[in-house]
Amino acid sequence: MALVTTAEVCDANSQLIATGELRALQPVFQIYGRRQVFSGQIVTLKVFEDNVLVRELLEEKGNGRVLVVDGGGSLRCAILGGNPVVQAQNNGWAGIVVNGCIRDVDEINGCDIGVRALASHPMKANKKRTGEKHVPIAVAGTRIRDGEWLYADTDGILISPNELSV
């Protein structure tokens with residue numbers, strides 16, 4: 001899809017909104033990274049105060065995908081830091097959405113990747129390697145499945161079961 005705003009996507013797809021196929025995440029995320037507009041096919045991850053699986057996934061080739069991490073909304077530690085974001089940028093990920101906290105904000109803001117998170121936090125996450133990859137998750141009031149499509153800009157974040165064109 002060409003770079004269009006999420007508002008334009010909503011305006012052009014009112015029927016998908018009515019059926020619940022096109023969903024908007026609740027506006028709870030802060031914007032980080034240099035890329036404010038991004039989209040891609042979703043890879044899901046569910047963790048809680050543990051970032052080992054986050055790092056492992058971002059070490060893979062991104063191929064323009066977006067990692068969506070359900071961190072349980074924890075505000076007690078950061079599950080994403082600067083080094084994994086640099087790795088994600090270098091591996092071709094389009095973006096990362098974290099239902100939790102990040103750290104190393106200055107480093108993340110220097111990367112050409114889109115990052116959304118609830119907040120920043122100085123404390124590191126655990127390293128127990130707990131969590132689940134490629135499972136349905138619930139983030140910001142929305143059910144998200146592995147393989148769906150995410151569209152993000154400064155207005156918000158949309159989720160669709162299929163790639164959209166406007």
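Heads up: numbering here begins at 1 and tracks the sequence.
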Under a 3.5 Å distance rule, please check whether Trp149 uses its side chain to pair with a backbone N or O of Leu158 as donor and acceptor. no
Salt-bridge test for Arg143 and Glu148: reply yes if a basic N is under 4.0 Å from a carboxylate O, no otherwise. no
Side chain of Ser74, backbone of Gly100: donor and acceptor closer than 3.5 Å? no
Arg34 atom CZ: more than 12 heavy-atom contacts under 6.0 Å: yes
As an exercise, state the distance from OG1 of Thr44 to CG of Asp70, rounded to the nearest 0.5 Å. 9.5 Å
State plainly whether one hydrophobic cluster holds both Ile102 and Val47, where clusters connect Ile, Leu, Val, Met, Phe, Trp and Tyr through side-chain heavy atoms under 4.5 angstrom apart. yes
Search all heavy atoms of Ala140 against all heavy atoms of Val28 and return the closest pair with its distance. CB-CG2, 3.9 Å
Quick check against the 3.5 Å criterion: does Arg103 have a side-chain atom that pairs as donor or acceptor with the backbone of Pro122? yes
Short side-chain to backbone donor-acceptor contact, Asp50 and Arg129, under 3.5 Å: yes
Interatomic spacing from CG in Asn83 to CG in Leu58 - rounded to 0.5 Å: 11.5 Å
Closest non-hydrogen atom pair between Ala94 and Ser39, with its separation: CB-O, 3.5 Å
May I ask you to decide if Asp11's main-chain N or O and Ser14's side chain share a donor-acceptor pair within less than 3.5 Å? no
Got a second to check how far Lys133's NZ is from Leu67's CG, nearest 0.5 Å? 10.5 Å
I'd like to know if the side chain of Arg116 reaches the main chain of Phe29, judged simply by a donor and an acceptor atom lying under 3.5 Å from each other, with no hydrogens or angles considered. no
Thr6 to Gly156 - nearest heavy-atom pair and separation: CG2-O, 3.6 Å
Report the C-alpha distance between Leu57 and Glu60 in whole Å, list the side-chain angles of each, state the deciding distance to 0.1 Å, and finish with yes or no for side-chain contact (heavy atoms from CB on, under 4.5 Å). CA-CA 5 Å; Leu57 271 172; Glu60 296 177 9; 3.8 Å; yes
Chi angles and distances behind the side-chain contact (heavy atoms from CB on, under 4.5 Å) call for Asp146, Val135: CA-CA 6 Å; Asp146 201 73; Val135 295; over 6 Å; no
So, applying side chain to side chain contact (heavy atoms under 4.5 Å, CB included) with Ile96, which one of Leu80, Val43, Ile108 is it? Leu80
Would you give the length of the straight line joining atom CD of Gln36 to atom CG of Asp155, rounded to the nearest 0.5 angstrom? 11.0 Å
Smallest heavy-atom separation, Ala152 atom then Ile157 atom, equals CB-CG1, 4.0 Å
Are Leu118 and Ile159 grouped together when hydrophobic residues (ILVMFWY) are joined by side-chain heavy atoms under 4.5 angstrom apart? yes
What's the shortest heavy-atom distance between Leu75 and Ala119, and which atoms? CD2-CB, 4.5 Å
For the pair Ile17 and Cys10, evaluate side-chain contact (heavy atoms from CB on, under 4.5 Å) and give the outcome as yes or no after the intermediate values. CA-CA 7 Å; Ile17 294 169; Cys10 288; 3.8 Å; yes
Determine, step by step, whether Ile79 and Cys101 satisfy the side-chain contact (heavy atoms from CB on, under 4.5 Å) criterion, reporting the C-alpha distance in whole Å, the side-chain angles of both residues, the deciding distance to 0.1 Å, and the verdict. CA-CA 6 Å; Ile79 57 174; Cys101 292; over 6 Å; no
Is it true that Val85 and Val98 fall in one hydrophobic cluster, defined by side-chain heavy atoms closer than 4.5 Å? yes
Backbone of Glu59 reached by a side-chain donor or acceptor of Asn91 within 3.5 Å: yes
When hydrophobic residues are tied together by side-chain contacts of less than 4.5 Å, even through go-betweens, does Val105 share a cluster with Val69? yes
Point-to-point distance, once rounded to the nearest 0.5 Å, from CZ of Phe48 to NZ of Lys128: 10.5 Å
Would you kindly confirm whether Ile113 and Leu45 end up in one hydrophobic cluster when ILVMFWY residues are joined by side chain heavy atoms under 4.5 Å apart? yes
Are any side-chain N or O atoms of Glu107 and backbone N or O atoms of Asp104, one a donor and one an acceptor, separated by less than 3.5 Å? no
Write down the atom of Phe38, the atom of Val115, and the distance for their closest heavy-atom approach. CE2-N, 4.3 Å
When rounded to the nearest 0.5 angstrom, what is the spacing between CZ in Arg23 and CG in Leu150? 10.0 Å
Does Asn162 reach the main-chain N or O of Leu164 with its side chain, forming a donor-acceptor pair under 3.5 Å? no
For the pair Ser160 (side chain) and Glu163 (backbone), establish whether a donor and an acceptor sit closer than 3.5 Å, ignoring hydrogens and angles. no
